[in-house]
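Note that the numbering runs from 1 along the sequence shown for the chain.
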Amino acid sequence: MPIKLIKEDIRTYDSLPVNHKSIFDIIIRNVTIKKSGAVFKSDIAINRYENPVTGKDYFTTRSSIEELGDLSIFFGTEEINGIDLELVTEKEVSRGMKADLQLVKNGVVIYTIKNGTIEK
């Protein structure tokens, strides 16, 4: 029996709910953050994105901080336990900023993250 194809309006597809992301490239758990004069513990989710270079056979990458807060229901391809670490960045940490940061313990850099890649 042949399959009958039905043409649907694109609005039907566009009306479907969006699946939210549950896996990030990196999650830093329970790190100490200083922001606007406050000190608090938070999780940080980072993603890396590949951007094809027009007319070339390679791509560039960029990264950003996607989420801050309690991310206990999410997973990271790589995860860092930041329980005794403090986040150090050039600018105050916020969603959407480039993931260039350091994780420090007692004044010693334990991890450096540049453009979303962990350098130990």
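Within 6.0 Å of atom CD in Glu90, 12 or fewer heavy atoms from other residues, nucleotides or ligands are found, so the atom counts as exposed in its surroundings. Around atom CG of Asp9, more than 12 heavy atoms belonging to other residues, nucleotides or ligands sit under 6.0 Å away.
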(request) Walk me through it: do Arg95 and Glu67 pass the test salt bridge (charged side-chain N to carboxylate O under 4.0 Å, His left out)? (result) CA-CA 6 Å; Arg95 288 181 66 214; Glu67 294 291 340; 3.5 Å; yes
(request) Give the C-alpha distance, both sets of side-chain angles, the deciding distance and a yes or no for salt bridge (charged side-chain N to carboxylate O under 4.0 Å, His left out) between Arg29 and Glu79. (result) CA-CA 7 Å; Arg29 303 226 182 250; Glu79 293 199 12; 2.9 Å; yes
(request) Mind running side chain to side chain contact (heavy atoms under 4.5 Å, CB included) on Phe74 and Phe24 for me, showing each step along the way? (result) CA-CA 8 Å; Phe74 299 100; Phe24 295 95; 3.8 Å; yes
(request) Begin from the C-alpha positions of Glu86 and Lys34 and carry the test salt bridge (charged side-chain N to carboxylate O under 4.0 Å, His left out) through to its verdict. (result) CA-CA 8 Å; Glu86 179 182 338; Lys34 295 178 182 177; 3.4 Å; yes
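Hydrophobic clustering of Ile, Leu, Val, Met, Phe, Trp and Tyr side chains at less than 4.5 Å, counting indirect connections, unites Val93 with Ile28. Side-chain heavy atoms closer than 4.5 Å link hydrophobic residues (I, L, V, M, F, W, Y) into clusters, and following such links, possibly through other members, connects Ile33 to Ile110.
Separating the OG atom in Ser64 from the CG atom in Asp100 is a distance of 11.0 Å, to the nearest 0.5 Å. Atoms CD1 and CG, on Ile113 and Leu103 in that order, are 5.0 Å from each other to the nearest 0.5 Å. Distance CG/Leu101 to CE/Met97: 7.0 Å, rounded to 0.5 Å. Rounding to the nearest 0.5 Å places CD1 of Ile118 at 10.5 Å from OG1 of Thr112. To the nearest 0.5 Å, atom CG of residue Leu87 and atom NZ of residue Lys35 are 10.5 Å apart. Rounded to the nearest 0.5 Å, atoms CZ (Phe75) and CD1 (Ile27) are 8.5 Å apart.
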When the side chains of residues 37-48 are checked against the rest of the protein, which donor-acceptor pairs come out under 3.5 Å, sequence neighbours left out?
| from | atom 1 | to | atom 2 | distance (Å) |
| --- | --- | --- | --- | --- |
| Lys41 | NZ | Asn30 | O | 3.2 |
| Lys41 | NZ | Thr32 | OG1 | 3.2 |
| Lys41 | NZ | Ile83 | O | 2.5 |
| Ser42 | OG | Gly69 | N | 2.9 |
| Asp43 | OD1 | Asn30 | N | 2.8 |
| Asp43 | OD2 | Leu71 | N | 2.9 |
| Asn47 | OD1 | Asp25 | N | 2.9 |
| Arg48 | NH1 | Gly116 | O | 2.4 |

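Tyr111 has its side chain within reach of Leu85: a pair of non-hydrogen atoms, C-beta onward, lies under 4.5 Å apart.
A donor-acceptor pair shorter than 3.5 Å cannot be found between the side chains of Glu119 and Thr117.
A donor-acceptor pair is defined here as one N or O able to donate and one able to accept, closer than 3.5 Å; such a pair exists between the side chain of Asn115 and the backbone of Ser63.
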